[in-house]
There are 2 protein chains.
Amino acid sequence: MSLRDHAREAIRDEVAKHAWTLFAAHGYEATTVDQIADAAGMSRRTFFRYFAGKDELVLERLVESGNLIATALEQRPADEAAWPALRAAFSATIRLQEQHHEKSRPLQLMLRAEPALRATIETRRRLWVERLAPLTAARLPSTDAADRSGTRAAAVTASAVACLEAAQIAWAENPGTSLGELLDDAMGAVAPLR
Amino acid sequence: MSLRDHAREAIRDEVAKHAWTLFAAHGYEATTVDQIADAAGMSRRTFFRYFAGKDELVLERLVESGNLIATALEQRPADEAAWPALRAAFSATIRLQEQHHEKSRPLQLMLRAEPALRATIETRRRLWVERLAPLTAARLPSTDAADRSGTRAAAVTASAVACLEAAQIAWAENPGTSLGELLDDAMGAVAPLR
DNA sequence: CCGTCTGTGACACCGAGTGCCAACTTCGCC
DNA sequence: GGCGAAGTTGGCACTCGGTGTCACAGACGG
């Protein structure tokens, strides 16, 4: 189990490395699966045994951030309200992005520019909301309509994610701006942050 | 000009009618373009001259609602704040959906269930935010950071759209609920509605 | 040494989408 | 009314993403 899986993970990383080099050079859509498989030294058919599709190469990266945000949200004080807690949970991801801005800025721009990645973006949004909404639910003021608590949590979480995306776009398009300030601005415009 | 265009529009409607019948019967992804073209009595190649892609058949419907929301938002009193104005602008669309719930509920469920439509959903979201954000901007409290006003408007608009989507999902999955109440609940959980 | 299990590559296939070209219709103009 | 231009159509071939199938190679334990 462990030996085989370790090798598999190593191969996945290797393939992804080649793929991202090609994406950076020619863009996502213009890079064909054959080119990636070729660069990685494997057959096209084998590529699809390691990745369900070309978009999984991109999704992989985005899911990491989701987990990071989720664990950060779990570690916020339990009595903190949902909106400021979500803002705080985004901080770690934001910091990482600003540190590696030479990598993450082009990624953000690619996500906006490539129509072929729109399905991937929607998938990411769903995964994030699915993961974060249960944690958000516990931070909402309790009401008598308990059956709608899931919907409320989903709405608040999706709104926060939408603010994060808006801030990320603005940050990617305007070099020199602070992603943290942009996010404070975006989320603060929707609801007070404390 | 007008004669040709009128015929073209009529053909588009005719094709769309056949397509939606097939979608309802077999689902979106399971319906091939060949089947649609066949049902409409035209060649596959000609279909692609009327629609840029299979997904345009779905997007067409969703864009209408966006325009409806935009005109509703334009007609709200100018001094109304962004959040309640957006809530009110959604009302007309909501009413239409509840009236034609035998059609719109399956559409909502299809949008969630078909992975092939995720790119279409993301496209709709962008079109709506692009259309509504300028109208939202005028309703935000003015600050000194004028250069970020676009980002704030995008964040608020995208949050409202996210709430609408959350309410629509809950409504589609729970027959007998009121879409208006669900939306009040969702948007009210994010920010006060008045 | 033999059976088995896994990874791999090759081939064929499907569906979405596009470029190209030949045939046909429609329209306007002489 | 005829004639040429312009637009519409359909067929063909092609690209690209993705899947099913099969046959082959190597690792493994009995």
Side-chain angles (χ1 to χ4, degrees), chain A residues 1-16 18-20 22-23 25-60 110-111 113-123, chain B residues 1-16 18-20 22-23 25-60 110-111 113-123:
Chain A
M1 121 194 183
S2 159
L3 194 150
R4 229 56 180 171
D5 279 5
H6 192 277
R8 185 179 166 82
E9 210 55 29
I11 294 180
R12 272 182 70 105
D13 288 356
E14 175 76 6
V15 175
H18 289 288
W20 281 102
L22 291 167
F23 291 162
H26 313 117
Y28 175 79
E29 198 165 12
T31 305
T32 71
V33 173
D34 295 76
Q35 291 169 348
I36 300 171
D38 236 42
M42 58 172 56
S43 84
R44 167 191 169 67
R45 191 66 186 86
T46 300
F47 169 86
F48 283 108
R49 289 203 182 89
Y50 281 93
F51 295 91
K54 200 171 74 166
D55 56 341
E56 197 174 307
L57 287 159
V58 181
L59 193 59
E60 209 181 27
M110 193 178 93
L111 284 177
E114 298 264 9
L117 284 174
R118 286 186 190 165
T120 309
I121 293 174
E122 173 66 13
T123 303
Chain B
M1 115 198 182
S2 159
L3 194 147
R4 223 74 183 163
D5 278 5
H6 192 276
R8 185 178 168 83
E9 210 55 30
I11 293 181
R12 272 182 70 105
D13 288 357
E14 176 77 5
V15 175
H18 289 288
W20 281 103
L22 291 168
F23 290 162
H26 312 117
Y28 174 79
E29 199 165 11
T31 305
T32 72
V33 173
D34 294 77
Q35 290 170 347
I36 300 171
D38 237 41
M42 58 172 53
S43 83
R44 166 190 170 67
R45 190 66 187 86
T46 302
F47 169 87
F48 283 109
R49 290 206 181 87
Y50 282 93
F51 296 91
K54 201 169 72 165
D55 56 341
E56 196 174 307
L57 286 160
V58 181
L59 193 60
E60 208 182 26
M110 193 178 93
L111 285 177
E114 299 264 10
L117 284 174
R118 287 189 190 162
T120 310
I121 293 174
E122 173 65 13
T123 303

Do any N or O atoms from the side chain of B/Tyr28 and from the backbone of B/Ala113 form a donor-acceptor pair under 3.5 angstrom? no
Result for side chain to side chain contact (heavy atoms under 4.5 Å, CB included) between B/Leu57 and one of B/Thr120, B/Ile36, B/Leu22 points to B/Ile36
If you look at every heavy atom in B/Trp20 and B/Met110, which pair is closest and at what distance? CZ3-CE, 3.8 Å
Check whether any side-chain N or O of A/Arg12 sits under 3.5 Å from a backbone N or O of A/Tyr50 as a donor-acceptor pair, and report yes or no. yes
How long is the line joining CD of B/Glu29 and P of D/dG18, in whole Å? 11 Å
Please name the pair of heavy atoms, one in A/Ala116 and one in A/Glu29, separated by the smallest distance, quoted to 0.1 Å. CB-CD, 3.9 Å
Mind running a 4.0 Å heavy-atom check of residues 45-55 of chain B against DNA chain C and sending the residues that fall below it, in number order? B/Arg45, B/Phe48, B/Arg49, B/Ala52, B/Gly53, B/Lys54
Can you tell which of C/dA16, D/dG17, D/dG10 lies closest to the side chain of B/Asp34? C/dA16
Counting only N and O atoms by type, is there a donor-acceptor contact under 3.5 Å from the side chain of B/Gln35 to the main-chain atoms of B/Thr31? no
Please give, in whole Å, the distance from D/dG17 P to A/Asp38 CG? 13 Å
Strictly distance-based, threshold 3.5 Å: is any side-chain N or O of B/Glu114 a donor or acceptor partner for the main-chain N or O of B/Gly27? no
Has the side chain of B/Arg44 got a donor or acceptor that lies under 3.5 Å from a partner of the other kind on the base of C/dG17? yes
Report the distance from atom CD1 of A/Ile36 to atom C1' of D/dC16, rounded to the nearest whole Å. 12 Å
A/Leu117 CG to D/dG17 C1', straight-line distance once rounded to whole Å: 14 Å
Considering only nitrogen or oxygen atoms on both sides, find all protein atoms under 3.5 Å from nucleotides 25-27 of chain D and state each distance.
none

Compare every heavy atom of B/Phe48 with every heavy atom of B/Gly53, then report the nearest pair and how far apart it is. CA-CE2, 4.2 Å
